[in-house]
Amino acid sequence: MHSILITGGAGFIGSHLVRRFVQRYPNYKIYNLDALTYAGNLENLKDIESYPNYKFIKGDITDGHFISQIFETYKFTHVIHLAAESHVDRSIKDPLSFVKTNVIGTVTLLNAFKELWSSNFTDKLFYHVSTDEVYGTLGDTGFFTENTAYDPNSPYSASKASSDHFVRAYGETYGLPYVITNCSNNYGQNQFPEKLIPLFINNIINKMPLPVYGDGNYTRDWLYVIDHAVAIDTVFHKGKLSETYNIGGFNEWKNIDLVRLLCRQMDERLGNKENSSEELITFVKDRPGHDLRYAIDATKIKEELGWSPSVTFEEGLSKTIDWYLNNSEWLNSVTSGDYLSYYQNQYEKI
Ligand code: NAD
Ligand code: DAU
């Protein structure tokens, strides 16, 4: 029997992954550990909370005593580690909280896993979910491969790079069985509206300015979140130990082009006059250290493990917009309270 700890399972990607594992693998016991920060929301998992193979545990990955206790109690054979502070702009304002959760939290989990299993690591796995941002930035051409040197530019990506290094170091030093995946920008339902796509959907609904950083000529490689969950499932079951796999959408968009597409799709759905949302586009002060371009070469996972994205960007974006329009209660609940002061602080000039 697998006893699987998924950390950060109440967040955006984690909730899609928890749902997939709970529904597809009734013989696995899935433990979802989450501190329920501003980004974690149990509403994301309402539909599966009563499944017999699912258990939620509220707790903080940086609390060593608590983490040791739950490893001792539940004897997790596998860890899929997603819990993190995940927003670049927040990392610019408060780097230390990223060091705490992303670095110290990861090492705390590695220690507990090592303590429990170091006498016999057979059939055990520590799966670390990471980001393409560890590679830094690309110029106008080229792709990130698994051999690209780490060159992080933001406090967020530096903390994720550091956590990747610790996972690898525990593999080398203690023989801890691990895999790491580095994924590109995700989008889809349940993403917190501080990230580009849900932020702009919410602002279009409320006819608020769409704050495009700099000239908008920054490029990201977008992947539908459910395709990411499928990729994690694939690597979990078929990936080779001590390997890294890049995951990406083969889907590059300049921010400004993506925003224009989003505006057109939103205008159609809302029955707005043509181009009315585009009028909300406002160019604002750039993000410091803003990476110009990310693009993943996902050949390895495609050729070795047979994974590729299943949803086109137009389909994925359309489903995402529909979900936000049909779930105004979710959106309203997460955009009240603390969100308002975050928003004011981050976007005070507009
Ligand atoms: P998210 O911010 O939506 O969710 C993070 C979750 O972690 C939340 O539920 C939060 O409550 C929980 N958490 C935070 N600190 C915690 C702590 N100290 N203890 C326990 N739980 C804690 O993040 P996401 O976008 O779903 O990203 C999940 C993972 O995937 C992160 O590791 C991120 O670096 C990585 N990633 C994200 C993307 C993306 O585009 N969103 C792309 C590649 C990789
Ligand atoms: O590449 C993977 C990463 O993608 C993940 O590791 C991160 O957790 C995730 O947050 C995401 O990081 P980005 O910084 O790329 O995502 P974000 O949605 O914040 O921004 C996407 C692009 O849009 C980026 O070029 C900055 C720009 N942007 C963002 C916001 C929030 C704007 O122009 N205006 C905005 O208000």
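Each ligand, and each atom within it, is numbered from 1 in the order the structure gives. These numbers come from a predicted model, not from an experiment.
With hydrogens left out, the protein atom closest to atom 15 (N) of ligand 1 is T101 CG2, 3.5 Å, a heavy atom. In terms of protein heavy atoms, atom 29 (C) of ligand 2 is closest to Y213 CE1, 3.6 Å. Here the heavy atom of the protein found nearest to atom 1 (O) of ligand 2 is D132 OD1, 2.5 Å. In terms of protein heavy-atom proximity, atom 38 (C) of ligand 1 is nearest to I13 CD1, 3.6 Å. Counting only heavy atoms of the protein, atom 23 (O) of ligand 1 lies nearest to S86 OG, 3.3 Å. Annotation: atom 28 (C) of ligand 1 to nearest protein heavy atom, L82 O, 3.5 Å. Nearest protein heavy-atom neighbour of atom 3 (O) of ligand 1: F12 N, 3.1 Å. The protein atom (non-hydrogen) at minimum distance from atom 21 (N) of ligand 1 is A35 N, 3.1 Å.
The heavy atom nearest to atom 30 (O) of ligand 1, out of those in V129, L42, N32, is found in V129. Evaluated by nearest non-hydrogen atom to atom 18 (N) of ligand 1, the leading choice among D63, D132, T7, D60 is D60. Which of G248, G11, S130 comes nearest to atom 4 (O) of ligand 1 through a heavy atom is settled by distance: it is G11. Considering only non-hydrogen atoms, atom 13 (P) of ligand 2 lies nearest to E133 out of K195, Q346, E133, Q191. Compare R220, H290, E85 by their heavy atoms: the one nearest to atom 26 (C) of ligand 2 is in H290. The heavy atom nearest to atom 5 (C) of ligand 1, out of those in G14, C183, A84, G59, is found in A84.
Between F192 and the choices Y342, F12, Y339, the ring-ring contact (aromatic ring centres under 6.0 Å, His included) rule is met once, by Y339. Of the residues listed (F113, F236, Y178, Y25), the one engaging H78 in a ring-ring contact (aromatic ring centres under 6.0 Å, His included) is F236, and it is the only one.
For ligand 1, the atoms closer than 4.0 angstrom to any heavy atom of G40 are 8 (C), 9 (O), 11 (O). Ligand 1 places these atoms under 4.0 Å from at least one heavy atom of N185: 40 (O).
The shortest N or O to N or O distance between H81 and ligand 1 is not below 3.5 Å. Annotation: K160 places an N or O atom under 3.5 Å from an N or O atom of ligand 1; distance criterion only. Considering backbone and side-chain atoms alike, Y156 places an N or O below 3.5 Å from some N or O of ligand 1. For ligand 2, the polar-atom distance check finds an N/O of P211 within less than 3.5 Å of one of the ligand's N/O atoms. For ligand 1, none of its N or O atoms has an N or O atom of T62 under 3.5 Å away. In terms of polar-atom proximity, L196 is counted as a contact of ligand 2, with an N or O under 3.5 Å from an N or O of the ligand. For E194, no nitrogen or oxygen atom sits less than 3.5 Å from a nitrogen or oxygen atom of ligand 2, counting backbone and side chain alike. The shortest N or O to N or O distance between A83 and ligand 1 is not under 3.5 Å. Of the polar atoms of Q191, none of the N or O atoms is found under 3.5 Å from an N or O of ligand 1, judged by distance alone. For ligand 1, none of its N or O atoms has an N or O atom of H228 under 3.5 Å away. The N/O atoms of L33, backbone and side chain alike, include none that comes under 3.5 Å of an N/O atom in ligand 1. At under 3.5 Å, a nitrogen or oxygen of S86, whether backbone or side chain, sits near a nitrogen or oxygen of ligand 2.
The 12-atom threshold is exceeded at CG of N206, counting heavy atoms of other residues, nucleotides or ligands nearer than 6.0 Å.
Looking at Y156 and N102, their side chains never bring a donor and an acceptor atom within 3.5 Å of each other. Counting only N and O atoms by type, the side chains of D89 and Y213 include a donor and acceptor under 3.5 Å apart. Side-chain contact check for D227 and S310: at least one donor-acceptor pair (N or O, by modelled atom type) lies under 3.5 Å.
In terms of modelled atom types and a separation under 3.5 Å, the side chain of D221 and the main chain of G249 share a donor-acceptor contact.
In this structure, R287 fails the cation-pi test against Y218, since its NZ or CZ atom is not both closer than 6.0 Å to the six-membered ring centre and inside 45 degrees of the ring normal. Taking the centre and axis of the six-membered ring of Y31, the NZ or CZ atom of K29 falls inside the cone set by 45° and 6.0 Å.
By the 4.0 Å heavy-atom criterion, K160 is excluded from the residues contacting ligand 2.
With respect to the salt-bridge test (charged N to carboxylate O, under 4.0 angstrom), the residues D322 and R269 qualify.
Minimum heavy-atom separation, V179 to L241: CG1-CA, 4.2 Å.
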